[in-house]
Amino acid sequence: MTKHIGILTSGGDSPGLNAAIRGVGKAALDLNMHIVGFRDGFRGLMENRTAPLDGGQLSSILTLGGTILGTSREKPHKMMVGGRPRDMTEVIVANYKANHLDCLVCLGGGGTQKNALRLKQAGLNVVTLPKTIDNDVAMTDTTFGFDTALGIATEAIDRLHSTAHSHHRIIVVEIMGHRAGWLALGAGIAGGADVILIPEIPYDVKSVADAIKRRKRNGKPFSIVAVAEGAVSVDEHKAVQAALAKGKKAKEAAAESPEIVYADRTIKLAEQLQALTDLEARVTILGHLQRGGTPSAADRMLSTRLGTAAAELIHDGQYGVMVAARGEGTEPVELEAVAGQAKIVPVDHPWVASARRVGTNFGD
Ligand code: F6P
C-alpha cells in the first residue's frame, strides 16, 4: 500500500529548509510514497491547511532561502485559539488521521523536537530533521542552517574589520545563537575576532577591556568583539544560578537578570568598553540577516542527505526518531534522547582551545 507522508517546518526559518523538503519529497516520490505539506508549522496541521507537494512544487527550490511551507513557533499543546492558549493535540491527531498519514515529518530545532515527541506520545508516527542556525540540537553532529549563518556572520566580521581598523574603534558585533555560542564562536574564529563572548563562558567586562587595551599598547588600537546574543557577564550568571538554586525554571531564572532579556544588553557592553578603554565603540546587531537567503553548498548537501534518509526510514517503517548527521552519513536517534537536551559549547571544546591559542580573549 502507498504510504502517505505529511511534512511541516516549525520554529525560526533557516537556510536549507527547502532543500530538505525537496530531499524528503523527491526521495518519497521515488519510493512510491505520497507527500503533502502543511502550512505554517503545527498551526497549519491543526487548521488542516495543506500544500500539495507531489506536482512540480519540489522543483527549483533547492537554492531558495526560507521555507515554501511557511513556519511558526506554535506548539500543539499550547496554541492560541480564541485568544487563549489551548491544547490542540487532539485536533492535530484527528487531522493526521483525516489525511490518512502514515508519518509526519517535522523539520525544526530544539522546540520542534519536543513538540514532535509529544505527538509521538499521542500515538502519531513522526520523523524529524535537525534544523537551526544555532547548531544546538542534541545528538547530531550539526544542523542545517548553521553553515550558511556561519558564512554570513563571518563575512560581516570581515567587513567590520576594515572599518574598525580605519577608525581605531571597538566594534561589538552581536551574533544570534539563542542560549548556545556555536555561531558566535565559529564566526569569531573564522573572522579573527579579538574577543569572543559566548553564553557558556560568563565574561568579566574588565578582562575584555584589558585585552583591548593590551592590543592598543601593542599598536593595534582597534578590536572586534563577537558577542553571542545569549552571552552573560559573571554577575548575570551568578544571579541566574542563584534563581535556579531557588528552584525557578530556566526562563524565570533568566528574567532575574534583566540584562539577558533587554535588547540593549550589547549596547551596554559597548558603552562599558568605551568607558574602560578610551576607544570609541560601535555596535552592529546582525539579527535576522543571519537566517536569510540562499543556503550554502554544505547546507544544501546536509539537507539533501538528511531529507532523503528520512524518506528511506519511513519507507522501511522506522518512526519516532530524528535523523541525525553522523560523520559522512546519517543515523536515526530516538526522539526521547533528543528532546529537551540542548547542545551547548563545552568550555574545553577544541574550537575554544584553538581560539585561545591564537590569542582570542573570552572575557574570563
Ligand atoms: O533559533 C534561531 C534564532 O534565530 C535564534 O538564534 C534567535 O534567538 C531566535 O531564533 C530569534 O527568533 P525570532 O525569529 O522569533 O525573533
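When a ligand or atom number is given, it counts from 1 through the structure's own listing order. Just so it is clear, the structure is predicted and the values come from calculations on it, not from any experiment.
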Measure from NZ or CZ of Arg215 to the centre of the six-membered ring of Phe222 and say whether it is under 6.0 Å with the direction within 45° of the ring axis.
yes
Testing Val126, Val321, Val127 one by one against Leu335 for a side chain to side chain contact (heavy atoms under 4.5 Å, CB included), which residue passes?
Val126
Quiz question: by atom type and distance under 3.5 Å, do the side chains of Ser233 and Asp235 form a donor-acceptor pair?
no
Would you please name every residue forming a side-chain hydrogen bond (donor to acceptor under 3.5 Å, both in side chains) with Arg169, sequence neighbours left out?
Glu280
Check side chain to side chain contact (heavy atoms under 4.5 Å, CB included) between Thr308 and all other residues, then give those that pass, not counting sequence neighbours.
Ala27, Thr304
Side chain to side chain donor-acceptor pair (under 3.5 Å) partners of residues 196-206, not counting sequence neighbours, each pair once:
none
Which N/O atoms of ligand 1 sit under 3.5 Å from a protein N/O, and at what distances?
| residue | atom | partner | partner atom | Å |
| --- | --- | --- | --- | --- |
| ligand 1 | 1 (O) | Asp134 | OD2 | 2.7 |
| ligand 1 | 4 (O) | Arg291 | NH1 | 2.8 |
| ligand 1 | 6 (O) | Asp134 | OD1 | 2.7 |
| ligand 1 | 6 (O) | Gly177 | N | 3.1 |
| ligand 1 | 6 (O) | Glu229 | OE2 | 3.3 |
| ligand 1 | 8 (O) | Glu229 | OE2 | 2.5 |
| ligand 1 | 10 (O) | Arg73 | NH2 | 3.0 |
| ligand 1 | 10 (O) | Arg291 | NH1 | 3.1 |
| ligand 1 | 12 (O) | Arg73 | NH2 | 2.9 |
| ligand 1 | 14 (O) | His288 | NE2 | 2.8 |
| ligand 1 | 14 (O) | Arg291 | NH1 | 2.9 |
| ligand 1 | 14 (O) | Arg291 | NH2 | 2.9 |
| ligand 1 | 15 (O) | Arg73 | NE | 3.0 |
| ligand 1 | 15 (O) | Arg73 | NH2 | 3.3 |
| ligand 1 | 16 (O) | His288 | NE2 | 3.3 |

